[in-house]
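Each remark here refers to the structure printed beneath this line.
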Amino acid sequence: MELVEDCGGTSALAVHVEVLVKPRSTASKTDVRMHVVAFLDHHRVITGNHRWTEFDEQFLRQNVDSVAIADPERGTIDLKGCNLTVHIFTLNNDGLSTLNLEEDEELSAANHWLLPAAEFQGIWESLVFEDGVKTQLLDYVSTTIFFSDKNVNSNLITWNRVVLLHGPPGNGKTSLCKALAQKLSIRLSDRYTYSQFVEINSHSLFSKWFSESGKLVTKMFQKIQQLIDDEDALVFVLVDEVESLTAARNASHAGTEPSDAIRVVNSVLTQLDQIKRHPNVVILTTSNLTEKIDLAFLDRADIKQKIGPPSTEGIFNIYMSCLGELMKCQIISPRQQLLTLHELETISFMESNVSQMSLIPSSCFISRKSKGLSGRSLRRLPFLAHALFVKVVVLEPLSNNLPPAATLSPSSDITFFCSLDSNCHAGKVSGGSGQSSRQRARGQSKDGQLCMRHSATL
Ligand SMILES: Nc1ncnc2c1ncn2[C@@H]1O[C@H](COP(=O)(O)OP(=O)(O)OP(=O)(O)O)[C@@H](O)[C@H]1O
Ligand SMILES: [Mg+2]
């Protein structure tokens, strides 16, 4: 049975509604909010991850791209009586710019985005983690701001504004940092006029000149300080592969240039201690190699969150989003409705025309074979399956629009199968012969391999 979070009780559930306004809209936020609230009044029980993009009402059609309840960690929400917080935003299309430390330096020390950035949109929803990980990070940042608001004495209660996400490669650490910053820039848009995201290019801070690297780190943080000095801005700083800037100082004695590496770590620690006094900054760091990180840095991280490979449910959700995308792009056709794991459980995984496609990723075989694979490997799989088993469709000149696959003649239909070894390499191709229709319908070959029905021009 699914838990429906009823907001009719004593403490109303806070539900965040994110409203993406069209770039050319001139409507006031007050008007948009009023129309969105009226629109939501017509809806009651919805899933925690719901997005509307089509509207009957003319005002919404003209001014709003989407209305989203983006809270996938909640199952179903009864909107009646909920405390709706409506966030109205537009996306920044400027893309990335670079921050250079010296005017004549070619190597950029950092990449910089204004948030909410068009590039980061949708990352949050695409990431699938164990329950609570995303919410915990949102709550963490809210708490840092809340404690600053309340003037909590940081000599008595310590927080450093540093988050460390660690774990094996390809499981969404960097993406989660970007998504978190994007989400907070939307949710805190009433409080901060704008948000910035600075991704430090750690390697550029290691100078070719001996003993200069520590100074480069200090210069980098001075640049960041300038951004933070604007109290209307919320600033996120990402240090990917933080072990390169914070290598354990005892280990670096063994290197060829020990004092340079030590100077870098010392500078980073000093700068972090200075920066943490500002309420409008969050330092997000990632690492695959926590054992190489200096203990003094580790001690400064308020949250050390391990991000491991997706769970079985996560694998299902990732494959479902892949299937959805392949259908949207008409690589798999016809487009079918996809069911959530909960909906499949409700119908006891019964096979029908409606559930057929959704049952493919939920099969025991697929989840067993995929267990332990990184999110990156899982998301590469449909591409590999196509590259190795469907082969290349005829590529049309760019000016010609490809006809939708659904309109192709039935004779061009092919069925392709792929099997995976534990390293996520696609295996041999199986033909469609020798299969029972039931196996084909379930999307499995004779020996249980993944099968996708595919229409393409060959
Ligand atoms: N948990 C996940 N859910 C959905 N997609 C994921 C997940 N983990 C990884 N991915 C996909 O893999 C891609 C790579 O993720 P990302 O670069 O954030 O991983 P990482 O942990 O930072 O890897 P690395 O340690 O190699 O830097 C993402 O763009 C995303 O599409
Ligand atoms: Mg990364």
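Every number for a ligand or one of its atoms is a count from 1 in the order of the listing. Note: hydrogens, waters and symmetry copies are ignored here, and every other heavy atom, side chains too, is used.
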Problem - Carboxylate-amine/guanidinium proximity below 4.0 Å for Asp273 and Arg300 - result: yes
Problem - Stepwise side-chain contact (heavy atoms from CB on, under 4.5 Å) check, Trp124 with Leu176 - result: CA-CA 7 Å; Trp124 180 266; Leu176 180 55; 4.3 Å; yes
Exercise for the section: Decide whether an N or O pair under 3.5 Å exists between Pro169 and ligand 1. Expected result: no
Completion exercise
Restricting to heavy atoms, the pick from Gly172, Cys177, Pro310, Cys322 nearest atom 19 (O) of ligand 1 would be Gly172
Exercise for the section: Quick one: look at Arg379 and ligand 1, take heavy-atom pairs under 4.0 Å, and tell me if it's side chain, backbone, both or neither. Expected result: side chain
Practice task
Mark yes when over 12 heavy atoms from residues, nucleotides or ligands other than Lys306 sit less than 6.0 Å from its NZ; otherwise mark no.
Solution key: no
Exercise for the section: Tell me whether Thr286 has at least one N, O or S atom under 2.8 Å from the Mg ion (ligand 2). Expected result: no
Fill in the blank from the handout: Between Ser311 and Glu130 the two heavy atoms that sit nearest each other are CB-OE2, 3.2 Å
Completion exercise
Quick look: Ile318 vs ligand 1, heavy-atom contacts under 4.0 Å, and the answer is side chain
Problem - Numbered atoms of ligand 1 (with element) below 4.0 Å of Val128, judged on heavy atoms - result: 1 (N), 2 (C), 3 (N), 4 (C)
Problem - NZ/NE/NH1/NH2 to OD/OE distance under 4.0 Å, Glu125 and Lys183 - result: yes
Problem - Short N or O distance, Gly170 and ligand 1, threshold 3.5 Å exclusive - result: yes
Handout entry: pair His87-Val17: side-chain heavy atoms closer than 4.5 Å
Key = no
Practice task
Pick, from Val133, Thr174, Asn171, Ile315, the option with the minimum heavy-atom distance to atom 27 (O) of ligand 1.
Solution key: Thr174
Exercise for the section: Evaluate the criterion salt bridge (charged side-chain N to carboxylate O under 4.0 Å, His left out) for residue pair Glu18 and Arg187; output intermediate values, then yes/no. Expected result: CA-CA 8 Å; Glu18 294 171 4; Arg187 294 211 176 163; 3.5 Å; yes
Practice task
State, yes or no, whether a side-chain contact exists between Thr286 and Leu238 at a heavy-atom distance under 4.5 Å.
Solution key: yes
Exercise for the section: Answer yes or no for Thr286: is there a heavy-atom contact with ligand 1 below 4.0 Å? Expected result: no
Practice task
Any atoms of ligand 1 less than 4.0 Å from a non-hydrogen atom of Asn288? List them with their elements.
Solution key: 25 (O)
Practice task
Could you list the atoms of ligand 1 found under 4.0 angstrom from a heavy atom of Ser126?
Solution key: 3 (N), 4 (C), 5 (N)
Practice task
Around atom 12 (O) of ligand 1, find the nearest protein heavy atom and jot down its residue, atom name and distance.
Solution key: Arg376 CA, 3.2 Å
Practice task
State the atoms of ligand 1, each with its element, that fall below the 4.0 Å cut-off from a heavy-atom position in Ser175.
Solution key: 15 (O), 16 (P), 18 (O), 28 (C), 29 (O)
